[in-house]
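The structure under discussion appears below in the form of structure tokens.
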Amino acid sequence: MRIDILTLFPEMFQVLNYSIIGRAIKNNIININTHNIREYSTNKHKKVDDYPYGGGAGMVMTPQPIVDAIKSIKKLNKGKVIFLGPRGKTFNQEMAKKLSQEDEIIFLCGHYEGIDERIYKYIDEEISLGDFVLTGGEMACIPIVDSICRLIPGVLSSSESFIEESFYNGLLEYPQYTRPECFEGEKVPEVLLSGHHQNIRKWRRKQSLILTKKLRPDLFNKISLSKEDKKLISEDL
């Protein structure tokens, strides 16, 4: 996958050069490029913002640098242009799965009070990280890019690494344990030491259902429970 990010602060994306995503970049599984919007400004001072018409607090990103940046990157990347802004649908795991199947994506990071409305004709989709205010689209773009890239084949060492994670199948992940077997008087559940794979699978499914019901009832109410699920949780909910 090729990802191009239009931003005023390319240096913020250095974090993607580390850990799992950094390894995938080195292995040429994904290709992430950042582009400074300011470099496309025709203003002699490289300004990219101005006061809003009609008055009001803050500054608005001007259309010329952004539109020219999009047009330029489109010569290298034919993917959809995704703007990180408050009007978009709230990002979730289903969106991550869908976007991970794209070959190319362009992300546009807004800043200040937003972007000039006339830029929207060049935007294919808008995504929001949630109903709260960030200092810029970069803060939303980083976790979104990370969540998309880790679903691309070859990025993680095993498909099970993400298939059983929280949210992938609509549930929170089951409790995890490692050595020592007993810590501060609390022991690892016996079933996990049994070596009985079927019983372990059932225990983990049951714990995922219980945790999701308790901590995220909004997610639990969207789940279609199987006969086995109902049997597993009948004594606990």
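Along the sequence shown, residues carry numbers from 1.
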Does Y18 OH have over 12 foreign heavy atoms under 6.0 Å away? no
Excluding sequence neighbours, so at least two apart, what forms side-chain hydrogen bond (donor to acceptor under 3.5 Å, both in side chains) with S19? none
When you measure from the side chain of S41 to the backbone N and O of P65, does any donor-acceptor pair fall under 3.5 Å? no
Mind listing the closest non-hydrogen atom pair of I106 and G79 along with its distance? CD1-O, 4.1 Å
Scanning both residues in full, the closest heavy-atom pair of L211 with L172 reads O-CD1, 3.9 Å
Does L108 belong to the same Ile/Leu/Val/Met/Phe/Trp/Tyr cluster as I32, with side-chain heavy atoms less than 4.5 Å apart forming each link? yes
Parallel, tilted or perpendicular, as decided by the 30° and 60° cut-offs, for the rings of F83 and Y120: perpendicular
Show your working on side chain to side chain contact (heavy atoms under 4.5 Å, CB included) between L99 and I127 and close with a plain yes or no. CA-CA 12 Å; L99 290 173; I127 292 176; 3.9 Å; yes
Check the pair N31 / I25 against side chain to side chain contact (heavy atoms under 4.5 Å, CB included), numbers first and verdict last. CA-CA 6 Å; N31 181 8; I25 293 173; over 6 Å; no
Please report the C-alpha distance between D124 and I82 in whole Å, then the side-chain angles of each, then the deciding distance to 0.1 Å, and finally whether the side chain to side chain contact (heavy atoms under 4.5 Å, CB included) criterion is met. CA-CA 6 Å; D124 300 299; I82 298 176; 6.0 Å; no
Looking at K80, is its backbone amide N or carbonyl O close enough to the side chain of E125 to form a donor-acceptor pair, meaning the two atoms are under 3.5 Å apart? no
Look only at the side chain of R38 and the backbone of K46, and say whether a donor-acceptor pair between them is shorter than 3.5 Å. yes
Might you work through the side chain to side chain contact (heavy atoms under 4.5 Å, CB included) test for I144 and F107, ending with a clear yes or no? CA-CA 10 Å; I144 289 173; F107 285 102; 4.1 Å; yes
Does the S72 side chain pair with the main chain of D68, one donor and one acceptor, at a distance under 3.5 Å? no
E186 atom CD, neighbour heavy-atom count above 12 within 6.0 Å: no
Side-chain heavy atoms under 4.5 angstrom apart, residues restricted to Ile, Leu, Val, Met, Phe, Trp, Tyr: same cluster for M1 and I5? yes
Is E228 salt-bridged to R201, cutoff N-O under 4.0 Å? yes
Hey, does the side chain of D116 reach the backbone of T62 with a donor-acceptor pair shorter than 3.5 angstrom? no
Single-linkage hydrophobic cluster, 4.5 Å side-chain cutoff, M95 and I123 together: yes
Would you say the side chain of Y122 lies within less than 4.5 Å of the side chain of K74, judging by non-hydrogen atoms? no
Is the backbone N or O of R87 less than 3.5 Å from a side-chain atom of E126, with the two atoms forming a donor-acceptor pair by type? yes
For the side chain of R23 and the backbone of V155, is there at least one donor-acceptor N/O pair under 3.5 Å apart? yes
Keeping N27 on the side-chain end and I29 on the backbone end, is there a donor-acceptor pair under 3.5 Å? no
May I ask you to decide if I105's main-chain N or O and N77's side chain share a donor-acceptor pair within less than 3.5 Å? yes
Show the nearest heavy-atom pair for residues C109 and I37, with the distance to one decimal. O-CD1, 4.2 Å
Looking at E181, I want to see if its CD is surrounded by more than 12 non-hydrogen atoms of other residues, nucleotides or ligands under 6.0 Å. no
Closest contact, heavy atoms only, I233 versus F220: CD1-CZ, 4.1 Å
For the backbone of K231 and the side chain of S234, can you confirm whether one donor and one acceptor N or O come within less than 3.5 Å of each other? yes
